[in-house]
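First up is the structure itself, then whatever we jot down about it.
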Amino acid sequence: RHSKDMVEAGKAFSDLAAVKELEKHYQDEVKKTHLKSLLTQAERNSELVVKTEDLIFDFSHQNMTIETLKKFESLAKDAKLKEKFDQMFKGEIVNNSEKRAVLHMALRAPKEKKIFAPMKGKKEDVIPEVHKVLEKIKAFSELFRSKQMKGYGGQELDTILSIGIGGSYLGTDFIAEALKYDPDCAKARDGKTLKFLANVDPVDFLRASEGLDPKKTLIIICSKTFTTAETMLNARTAKKWLCDSYKKGEEKLDEATEKEIVKNHVVAVSTAYEKTTEFGIDKNNVFEFWDWVGGRFSVCSAVGMLPLSLYFGYDNMEKFLQGAHKID
């Protein structure tokens, strides 16, 4: 990717000497070598496997040699990748298109860690705020999982419908699928249902809500600004589905009743408290995340941690965060 941010000012990424060397190496050697023959080289295979605690990264099944790896290391050095990592971890502005810090690693950092980001016009340690939200998620998920959370009609809530789009949905769905058959997570999700709604096609709402009892469903609306068109259209559709379930025949529910139904069944992951209140969501049921959390990296924020903790239990998701921190 061409990026002036990664290299010296005015010098295109493709002009770096290390890029040209890598391209030549690929054309002269790698392109002419079949992976099958590379996999017979024991020393190469060993060099291309990295082990760290319980994790194994196996690059040996990539069409590359030890020399390829060395050339990638040279490229990383020329592109000042290490320096960019350092800037990112220090909370400097590295998202230049939106003029923001990029600190998703703070979402899984332990309490004793200090990571600073621009907040309210000055740099502040973000870790206390992160753990404040995590504690709130823990308490909320324990209430849900202990069968103490009831809907408007007094029925126990045991189903989660998470509404979002893009980064406010996809990563969470992937992790839910990945952890579903882990022994601890499989046991923890017994009796619980988690569904996702992202597409604005009406058929997708029918797919997501099929077989669900609205009176036993907790709806999570994930939208930082609470203005995302697709998400809010789905949110309004889900709200109607929910309120309609409490109607008797053709009766029309009054505004106060609808408000109470929403208060008992709908929560939000957002920073737009005024808009969530307008929608009828109790302010105590809004879970915050920050502008230094990019959408595609938001699974470790409340966007992912809230629905996944409700489904798998906070203890299991805390282990997930610890694993992510080890990768960092």
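- No donor-acceptor pair closer than 3.5 Å links the side chain of Arg108 to the backbone N or O of Cys300.
- The pair Asp125-Lys114 meets the salt-bridge criterion, with a side-chain N (NZ, NE, NH1 or NH2) lying under 4.0 Å from an Asp/Glu carboxylate O.
- For the pair Val303 and Thr172, the minimum side-chain heavy-atom distance is below 4.5 Å.
- Donor-acceptor pairing under 3.5 Å is recorded for the side chains of Thr228 and Ser223.
- By the 4.5 Å heavy-atom criterion applied to side chains, Phe205 and Val200 are not counted as neighbours.
- Because its NZ or CZ atom is both nearer than 6.0 Å to the ring centre of Tyr273 and within 45° of the ring axis, Lys283 counts as a cation-pi partner of that residue.
- No cation-pi contact links Lys90 to Phe116, judged by a cut-off of 6.0 Å to the six-membered ring centre and 45° from its axis.
- In this structure, Arg207 pairs ionically with Asp204, as a charged nitrogen and a carboxylate oxygen lie closer than 4.0 Å.
- Residues Phe140 and Leu218 are in side-chain contact: their nearest non-hydrogen atoms beyond the backbone lie under 4.5 Å apart.
- Smallest separation of non-hydrogen atoms from Met105 and Met88: CE-CE, 3.4 Å.
- For the residue pair Asn234 and Thr231, no side-chain donor N or O sits within less than 3.5 Å of a side-chain acceptor on the partner.
- Within the 3.5 Å criterion, the main-chain N or O of Leu143 finds a donor-acceptor partner in the side chain of Ser146.
- The 12-atom threshold is exceeded at NZ of Lys247, counting heavy atoms of other residues, nucleotides or ligands nearer than 6.0 Å.
- Side-chain atoms of Leu107 and Trp290, non-hydrogen and from C-beta on, do get closer than 4.5 Å to each other.
- A donor-acceptor pair is defined here as one N or O able to donate and one able to accept, closer than 3.5 Å; such a pair exists between the side chain of Thr65 and the backbone of Thr68.
- For the pair Lys239 and Phe279, the cation-pi test (distance below 6.0 Å, angle within 45°) is passed.
- In summary, the aromatic rings of Phe320 and His325 are positioned with their centroids too far apart to meet the 6.0 Å limit.
- A salt bridge does not link Lys319 with Asp315: none of the charged nitrogens is closer than 4.0 Å to a carboxylate oxygen.
- A donor-acceptor pair under 3.5 Å is formed between the side chain of Lys150 and the backbone N or O of Lys147.
- Of the charged side-chain nitrogens involved, none lies within less than 4.0 Å of a carboxylate oxygen, so that Glu73 and Lys77 do not count as a salt-bridged pair.
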